[in-house]
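Before any comments, here is the structure.
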Amino acid sequence: MIPGSAHRLDIPVVHYDTGVLIVGGGAAGTMAAFQCAEAGVPVIQVTKGRATSGATTVARGGFAAAVGKDDSPELHLKDILKYGGELMDPALARVWVYDIVEVVRDLESWGADFIRGADGALDLKMFPSHSRPRAVHHYDTTGNMLTKVLSKKLRADARIDKHSITAIVDLIKRDDRVVGAWGVDYQNGALVIYRSQQTIVCTGGGSGLFYVNDNPPQVTGDGYVLGFRAGVPLLGIEMIDFQAMCCSPRELFGFAPHPTGFINTGAVFRNQEGEEFLKRYFPETAEASTRSEVILAMAQEIHAGRATPTGGIFMDATKVPLDAIQKMIPYVYKTCLHKGIDITKIPLEVAPGSHTWLGGLKIDVDGKTSVDGLFAAGETAGGIHGGNRIGGSALSSSLVFGRRAGRRSAALVKEARVELPELTDQAIALADRDWLAGLLRREDGPLQSDVRTACRMLAHQKLGPIRDETRLQEALAEYERIERQDVPRMRLDEGARTSDKVRGYELESALSVRNLALLGRIVATAALRRTESRGAHFRLDYPETNDRLWRVVTRLQSGAEGKIEFHKDPVT
């Protein structure tokens with residue numbers, strides 16, 4: 001497959017020119033694409049899967065928007081600032097709560113079927129930490145419904161050039177400006193080089209770093225790593241939003257059963273001894289506590305030895321009326337029944353798994369980063385959320401900042417077209433060409449699938465909701481070893497030599513392994529340096545919140561020779 005020189009690949013290189021390049025196929029990327037199309041700007045949307053895809057579907061219960069008669073964006077903002085774990089940029093939160101109201105109207109005009117009551121008004125759910133019911137929803141299939149709406153509109157829009165089954169490997173910079181990106185079209189077996197006036201990265205979070213997560217397998221933190229290598233600071237990357245996911249029975253392993261919906265029906269969490277333990281941690285709020293509080297209490301019960309035999313906690317809805325379950329969580333109820341589990345008779349066993357990420361690339365209110373030519377949106381962007389995220393916020397903010405990034409990037413293209421350099425095949429760095437060539441032809445060394453599993457298990461064991469110095473140091477050292485020893489020597493499965501389909505799958509997975517290893521090192525660095533407990537970050541060795549030293553946002557930047565520079569910025 002690879003003849004002669006180590007730098008030469010027997011793979012065609014295809015070049016594209018566009019006004020805006022969007023990397024990501026979820027809600028943020030698709031909203032950005034719509035804005036570019038409406039502005040009349042050439043746009044290419046590149047996705048590892050099919051657009052619209054990504055983690056949009058995991059937002060089952062709804063998303064927050066102050067559209068109720070007794071509600072307002074200012075009240076929504078007040079709740080976010082009060083319960084969002086600080087560490088956020090209030091300017092980002094402010095534009096978000098106002099813009100999402102308009103986005104809801106847009107979505108309905110495109111066919112979004114949000115549930116309405118008999119009076120015709122939107123049926124708004126009450127989520128924990130919100131002072132008003134404000135979650136617009138389609139029962140517990142909101143994300144699926146929105147994905148279908150966005151996908152239908154996207155397919156019908158011929159102005160958007162859609163490049164599916166393509167993985168972006170790195171951004172291309174010239175004179176401190178992002179001028180495009182390169183990657184692999186692993187469906188057609190080609191390398192691709194994109195030249196773009198503006199680029200938006202919105203590849204979702206990094207939940208794929210964890211063995212237990214509820215995201216699609218393509219969500220591997222690519223945007224964090226792409227932006228970080230390009231010179232964009234990462235803010236608050238140690239703050240990860242863990243959610244209760246099934247660890248038993250085996251048929252439901254990794255399934256995220258929408259705990260907020262369970263709680264709203266009247267379900268309770270019990271430890272192995274049958275105790276409703278949240279009342280011990282939070283006497284006034286119990287199950288209605290913030291998500292991070294519930295998850296940390298679960299993790300502490302597990303750590304204290306009061307877990308179920310499979311290492312989880314019981315989420316018990318056996319005393320909840322069937323009609324309440326069928327109204328609030330019908331999809332979850334039917335899914336469990338399909339697997340032979342009746343949640344009205346058997347409690348689910350759940351444990352913390354990675355759901356969404358709270359930190360990300362530093363942006364302004366329009367999603368622009370500090371590197372010219374580069375935007376970020378959706379879960380890839382940072383500063384929008386703090387050390388916690390109140391319910392209904394992830395999809396809500398992704399819709400808003402995807403739209404804002406698309407609108408502003410398109411405006412910049414129209415206002416002042418930049419003269420970009422020609423990008424030849426040599427735009428792909430020799431080191432990257434060497435690595436890719438070796439990966440395709442190597443017959444020994446660790447399998448990429450084994451290295452990927454090692455990265456994910458390491459995060460699961462060392463970077464979960466409960467941390468300490470020893471485990472974080474071990475994680476950091478091991479990720480450094482994986483980057484230094486395993487990633488350069490990885491090989492593909494034997495099936496990649498005879499099957500184009502297997503080769504495509506193996507190559508896509510191997511490309512993400514390199515990102516996972518660096519992302520693990522970044523998270524371990526930030527978590528190790530924050531010597532306190534705050535929001536979604538809990539240290540056994542530093543269990544208290546230390547406002548004097550740590551009421552700050554961590555900022556990590558790429559330094560010389562692959563080093564990670566650590567900084568602290570005061571909370572705005």
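Keep in mind that the numbers below use all heavy atoms, side chains included, and drop hydrogens, waters and symmetry copies.
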Inset, instruction - Compare every heavy atom of V169 with every heavy atom of R229, then report the nearest pair and how far apart it is. - result: NH2-O, 3.0 Å
Inset, instruction - Answer yes or no: is there a donor N or O on one side and an acceptor on the other, between the side chain of N188 and the main chain of A190, under 3.5 Å? - result: no
Inset, instruction - Examine the side chains of T310 and E349 and answer whether a donor and an acceptor come within less than 3.5 Å of each other. - result: yes
Inset, instruction - Please round to the nearest 0.5 Å and tell me the distance separating atom CG of L463 and atom CZ of R456. - result: 13.5 Å
Legend entry - Flag if over 12 foreign heavy atoms under 6.0 Å of CZ, F566: yes
Inset, instruction - Identify the two heavy atoms, one from R441 and one from R497, that lie closest to each other, and give their separation to 0.1 Å. - result: O-NH2, 3.3 Å
Legend entry - F375 and I22, any side-chain heavy atoms less than 4.5 Å apart: no
Inset, instruction - With the side chain counted from C-beta on, respond yes when R174 and L423 share a heavy-atom pair under 4.5 Å apart, and no when they do not. - result: yes
Legend entry - Any donor-acceptor N/O pair, E532 side chain to N546 backbone, under 3.5 Å: yes
Legend entry - Residues K368, D366: salt bridge by 4.0 Å N-O rule: no
Inset, instruction - Without swapping roles, check the side chain of D175 against the backbone of R177 for a donor-acceptor pair under 3.5 Å. - result: no
Legend entry - More than 12 heavy atoms of other groups within 6.0 Å of Y16 OH: yes
Inset, instruction - Give a yes or no on whether a salt bridge exists between R521 and E483, defined as a side-chain N under 4.0 angstrom from a carboxylate O. - result: yes
Inset, instruction - Find the distance between OG (S354) and CD1 (I240) and round it off to the nearest 0.5 Å. - result: 5.5 Å
Legend entry - Residues E474 and R471 bridged, charged N to O under 4.0 Å: no
Legend entry - Counterpart residues, ring pair (Phe, Tyr, Trp, His ring centres under 6.0 Å), relative to F242 (two or more places apart): F210
Inset, instruction - Mind checking the CD-CD1 spacing from Q35 to I160? Nearest 0.5 Å is all I need. - result: 10.0 Å
Legend entry - Residues, nucleotides or ligands: over 12 heavy atoms within 6.0 Å of H567 NE2: yes
Legend entry - Heavy-atom donor-acceptor pair, S409 side chain to G406 backbone, under 3.5 Å: yes
Legend entry - Interatomic distance, I564 atom CD1 to L234 atom CG [nearest 0.5 angstrom]: 9.0 Å
Inset, instruction - Please check if any side-chain donor atom of T356 sits under 3.5 Å from a side-chain acceptor atom of R389, or the reverse. - result: yes
Legend entry - Backbone of R250 reached by a side-chain donor or acceptor of S248 within 3.5 Å: no
Legend entry - Non-hydrogen atoms of W435 and V487 that approach each other most closely: NE1-O, 3.1 Å
Inset, instruction - Determine whether the aromatic ring centres of H163 and Y194 lie less than 6.0 Å apart. - result: yes
Legend entry - Neighbour count >12 (heavy atoms, 6.0 Å) for atom NZ, K501: no
Legend entry - N-O pairing of E565 and K563 below 4.0 Å: no
Legend entry - D372 and K173 ion-paired at < 4.0 Å: no
Legend entry - Side-chain heavy atoms of L436 within contact of L511, under 4.5 Å: yes
Legend entry - salt_bridge(E86, R551) N-O dist < 4.0 Å: yes
Legend entry - Where A377 and F401 come nearest, the two heavy atoms and their spacing: CB-O, 3.5 Å
Inset, instruction - Would you indicate whether the side-chain heavy atoms of I302 and P352 approach each other to under 4.5 Å? - result: yes
Legend entry - ring pair (Phe, Tyr, Trp, His ring centres under 6.0 Å) partners for H460, two or more places apart: none
Legend entry - Modelled atom types, side-chain donor and acceptor of R467 and H537, under 3.5 Å: yes
Inset, instruction - Report the C-alpha distance between F253 and C246 in whole Å, list the side-chain angles of each, state the deciding distance to 0.1 Å, and finish with yes or no for side chain to side chain contact (heavy atoms under 4.5 Å, CB included). - result: CA-CA 5 Å; F253 181 82; C246 291; 6.0 Å; no
Inset, instruction - Return yes if some donor-acceptor pair links the side-chain N/O of D364 with the main-chain N/O of G367 below 3.5 Å, else return no. - result: yes
Inset, instruction - Measure the shortest side-chain to side-chain distance between K362 and T369 over non-hydrogen atoms and say whether it is less than 4.5 angstrom. - result: no
Legend entry - Exercise: identify the closest heavy-atom pair between R530 and V553: NH2-CA, 4.2 Å
Inset, instruction - Using only heavy-atom distances, determine whether the side chains of S207 and N213 contain a donor-acceptor pair under 3.5 Å. - result: no
Legend entry - Any donor-acceptor N or O pair under 3.5 Å, side chains H15, D425: yes
Inset, instruction - Rounded to the nearest 0.5 Å, what's the gap from CG on L519 to CG on L209? Could you check? - result: 5.0 Å
Legend entry - Short side-chain donor-acceptor distance under 3.5 Å, S512 and S509: no
Legend entry - Minimum heavy-atom distance G180-S196, with the two atoms named: CA-OG, 3.6 Å
Legend entry - Spatial distance of atom CG (L361) from atom OG1 (T380) [nearest 0.5 Å]: 6.5 Å
Inset, instruction - Evaluate the side-chain proximity of V14 to L191: yes if any heavy-atom separation is below 4.5 Å, no if none is. - result: no
Legend entry - Ion pair check, E478 and K462, cut-off under 4.0 Å: no
Legend entry - Note: E508-K48 ion pair, threshold 4.0 Å (strictly below): yes
Inset, instruction - Verify whether the ring centers belonging to W550 and Y542 lie closer than 6.0 Å. - result: no
Legend entry - Distance-only polar pair, side chains of D468 and T470, donor-acceptor under 3.5 Å: no
Legend entry - Beyond-backbone contact of I363 with L92, side-chain heavy atoms, under 4.5 angstrom: yes
Inset, instruction - Ignoring hydrogens and angles, state whether a donor on the side chain of D214 or H355 is under 3.5 Å from an acceptor on the partner side chain. - result: yes
Inset, instruction - Please confirm whether the backbone N or O of R539 pairs with a side-chain atom of S533, one donor and one acceptor, at under 3.5 Å? - result: yes
